[in-house]
Protein chains: 2
Amino acid sequence: MKRQKRTTIYDIAQQLNLAASSVSRALSDSNKINAETKALVLKTAAEMNYQQNAMASNLRKGNNPTIGVVVPRINQYFFSNVIAGLEEVTFKAGYNLVICQSNELHAREVEGINALVNQNVSCIVISIAAEKGSFDHLQQVLDRNIQLIQFDRVVEELETFKVLNDNRQAAYEAVQHLIEQGYRRIALLEGPQELQIFRERKEGYIAALQDHGFPVLSELMYANAWTKELGAAATAQLLDMPDPPDAIFASTSDFAALGVLEVANNKGIRIPEALGICGYSNEPFTEITSPSITTIDQFSVEMGRKIGNLHFQELENFNPESKTKTVNVRPELIIRNSSLRKSHVP
Amino acid sequence: MKRQKRTTIYDIAQQLNLAASSVSRALSDSNKINAETKALVLKTAAEMNYQQNAMASNLRKGNNPTIGVVVPRINQYFFSNVIAGLEEVTFKAGYNLVICQSNELHAREVEGINALVNQNVSCIVISIAAEKGSFDHLQQVLDRNIQLIQFDRVVEELETFKVLNDNRQAAYEAVQHLIEQGYRRIALLEGPQELQIFRERKEGYIAALQDHGFPVLSELMYANAWTKELGAAATAQLLDMPDPPDAIFASTSDFAALGVLEVANNKGIRIPEALGICGYSNEPFTEITSPSITTIDQFSVEMGRKIGNLHFQELENFNPESKTKTVNVRPELIIRNSSLRKSHVP
DNA sequence: ATATTTTAGGCAATCGATTGCAATTAGCAA
DNA sequence: TTGCTAATTGCAATCGATTGCCTAAAATAT
């Protein structure tokens with residue numbers, strides 16, 4: 001089956017005994033064209049099954065209304081939600097969305113970025129891979145004056161737009177909530193401190209304790225517990241302490257919180273009475289566990305929308321002149337049974 | 001900040017006192033170019049920070065190495081996995097991946113398809129929206145000789161490549177497993193029978209019962225139970241029967257199975273002893289519930305890969321001459337505690 | 001009726017890379 | 001040395017749409 005030639009504006013022009021430029025003007029709704037002619041062209045174009053060749057148009061206009069996205073994994077809950085939100089906005093604006101996944105590999109990320117640069121996309125949105133490497137590829141994007149928007153996992157030293165969760169604030173609120181529920185020895189499961197997001201969460205934890213007159217105890221802070229297994233191991237150790245914690249804030253992820261939950265359940269420790277638990281991310285499963293897990297929703301879909309709006313300069317409250325090109329998305333504490341030991345009586 | 005002109009092959013040609021055509025040949029690794037010249041061009045191109053303009057190249061070559069995807073929702077577990085698998089293959093082939101979501105709306109789907117046609121993509125991959133509508137937009141894709149690959153939710157009457165789960169087989173195996181575990185009255189939660197996938201699952205259920213000499217009882221088949229809530233409601237009714245089922249196959253989704261689980265738990269019915277449960281999809285949460293839920297893995301990532309390979313004509317066991325352009329992905333039964341009442345002793 | 005402004009539409013260059021064909025040079029055989 | 005092939009490279013057209021500039025006709029003003 002051979003591909004038959006598609007209809008071009010020249011075909012339409014010939015059909016109507018017009019110049020191609022007039023057809024183009026009619027189709028692009030220019031005001032330099034007679035209304036009747038325009039209608040005629042539109043009608044003929046429809047009849048001839050005309051579809052614009054976007055490549056030709058983009059080449060001539062020198063821009064490609066496309067946003068490129070590079071994320072570690074497309075099929076991770078958080079990322080797929082961000083992409084969904086972003087797609088919503090870009091589609092409305094008539095933009096395309098091209099997607100690459102880095103699989104957490106630096107080399108793959110570089111390749112993806114290059115492909116997007118070749119495409120001459122108008123914006124690249126990225127959450128960087130875990131694997132360390134140089135930032136030349138990102139710098140190159142900036143040098144070519146393609147807009148670069150980083151989100152969630154960002155390279156701090158690069159001067160780009162950044163869309164972030166207010167991790168500090170979220171952690172603060174979580175710990176505050178635990179304090180209000182009467183927990184007195186609140187432990188923290190920390191993530192790798194190389195990553196800014198985990199440092200910020202720790203800051204929020206410490207600030208909340210201090211603001212409420214609680215001591216900050218290093219024995220209650222457990223490093224690098226960011227998977228279910230590590231969370232479980234950490235919990236086993238913490239609960240074996242002479243003076244064990246009465247709450248655990250798994251600031252790394254809901255998976256760590258799940259590990260906490262399972263260990264506590266196995267030990268017959270009652271949740272939330274004897275142990276309060278709070279996770280991070282609002283993964284779908286947190287609603288389903290027994291008891292359900294208190295966690296922090298990152299509004300990932302909303303985050304995607306904000307990224308898109310940022311590109312289209314439509315983000316409310318955003319001052320393009322501002323030095324700090326950072327947009328914060330305010331996460332929300334979702335209180336569930338794993339931390340709710342006081343019933344809410346008004 | 002104004003966008004400085006990017007380096008073109010003409011810039012390189014001028015720099016080296018060559019013709020642009022020679023630069024093009026050098027860059028595309030043509031054999032009609034001297035090795036030394038080629039090396040020189042490559043070196044200079046790198047120095048001048050050259051990146052090919054893909055739009056110009058695609059326009060001239062008349063094709064766009066891009067695959068477009070239209071799915072109901074990007075952030076649905078199944079779809080995001082398919083996309084991830086597809087991206088893997090397309091990236092390896094040097095293709096781009098453009099993504100649209102229909103949000104289950106027909107009009108949105110049409111718009112998305114049109115955008116992809118404009119882009120002159122070489123292949124469109126689609127899982128159709130739930131909202132019914134005409135198939136003109138898909139027919140148009142075929143008329144333009146753009147390859148169309150449907151997956152999961154397909155329009156049967158269109159003659160296109162189709163990548164499907166073997167739903168019948170999967171359901172058969174699930175029911176067979178329940179029978180082997182000694183369940184005798186196995187109920188079915190059905191999905192909307194307009195959709196082929198649900199019809200096939202029902203067929204598998206019936207066939208398994210018949211093959212093992214069990215009666216097919218209409219009172220054990222419950223229509224349209226494809227959310228958690230509907231699954232719960234169905235379960236409540238089924239368990240109130242004078243002679244209730246001792247197993248429920250939630251063929252619609254794991255969410256429905258979750259509804260079953262919750263109702264049974266609330267009623268104090270022991271799982272798997274008094275009631276066996278099997279879901280469909282292998283959602284991540286099925287591993288976490290108590291008890292964990294037996295379900296069917298659809299190999300969604302693998303499905304995405306197969307779609308990609310199909311486009312690149314590399315799919316093993318695929319005969320391009322065959323009339324039936326359908327590729328089946330074999331799902332796998334994942335046996336967990338919700339249906340395992342016999343321990344496996346060899 | 002003449003001058004001036006608008007309006008409509010055509011011409012041709014352009015975006016950047018590719019490619020068929022022609023031209024030049026080198027390589028080699030007779 | 002002449003003739004012929006092969007290897008390189010250049011020239012120019014091309015992909016399809018857009019747009020600055022120009023012209024002709026129509027509309028309006030004087």
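Nothing here was measured: the structure is a model prediction, and the numbers come from that model. Each chain gets a letter, A, B and so on, in the order its sequence line appears, and its residues count up from 1.
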### Any residue meeting side-chain hydrogen bond (donor to acceptor under 3.5 Å, both in side chains) with B/Q139, in chain and number order, not counting sequence neighbours
B/D143

For nucleotides 6-12 of chain C, which of its nitrogen or oxygen atoms have a protein nitrogen or oxygen under 3.5 Å away, and what is each distance?
residue	atom	partner	partner atom	Å
C/dG9	OP1	A/T37	OG1	2.8
C/dG9	OP2	A/N34	N	3.0
C/dG9	OP2	A/T37	OG1	3.2
C/dG10	OP1	A/A19	N	3.4
C/dG10	OP2	A/A19	N	2.9
C/dG10	OP2	A/S22	OG	2.5
C/dG10	O6	A/R25	NH1	3.3
C/dG10	O6	A/R25	NH2	2.8
C/dC11	N4	A/S21	OG	3.1

### Partners meeting side-chain contact (heavy atoms from CB on, under 4.5 Å) with B/T8 (sequence neighbours left out)
B/Y10, B/D11

### Task
Kindly write out the residues that satisfy side-chain hydrogen bond (donor to acceptor under 3.5 Å, both in side chains) with A/K38, not counting sequence neighbours, or none if the list is empty.
A/D29

#### Entry: All side-chain contact (heavy atoms from CB on, under 4.5 Å) counterparts of A/K32, not counting sequence neighbours
A/R25, A/S30

### Task
Please identify each residue that fulfils ring pair (Phe, Tyr, Trp, His ring centres under 6.0 Å) with B/Y95, with sequence neighbours left out.
B/H311, B/F312

#### Entry: Minimum heavy-atom distance B/S80-A/S80, with the two atoms named
CB-CB, 4.0 Å

### Task
Please collect all ring pair (Phe, Tyr, Trp, His ring centres under 6.0 Å) contacts where either partner lies in residues 23-49 of chain B, sequence neighbours excluded, each pair once.
none

### Query
Start at the 5' end of DNA chain C and walk down; is the nucleotide closest to B/N53 or to A/Y10 reached first?
A/Y10

#### Entry: chain B contact limits on DNA chain D, taken 5' to 3' with a cut-off of 4.0 angstrom to heavy atoms
D/dT8 to D/dG16

### Task
Would you mind classifying the nucleic acid contact of A/S57 as base, sugar-phosphate or nothing, using non-hydrogen atoms under 4.0 angstrom?
sugar-phosphate

### Query
Which residue pairs pass the ring pair (Phe, Tyr, Trp, His ring centres under 6.0 Å) test with at least one member in residues 104-131 of chain A, sequence neighbours excluded?
A/H106-A/H137

### side-chain hydrogen bond (donor to acceptor under 3.5 Å, both in side chains) against A/Q119, all qualifying residues, sequence neighbours excluded
B/N96

### Task
Please list, chain by chain and in numerical order, all residues satisfying side-chain hydrogen bond (donor to acceptor under 3.5 Å, both in side chains) with B/E156, sequence neighbours excluded.
B/R199

### Summary
Bend of the helix from C/dA1-D/dT30 to C/dA30-D/dT1 from end-axis comparison, five pairs per end, nearest 10°, comes to 40°

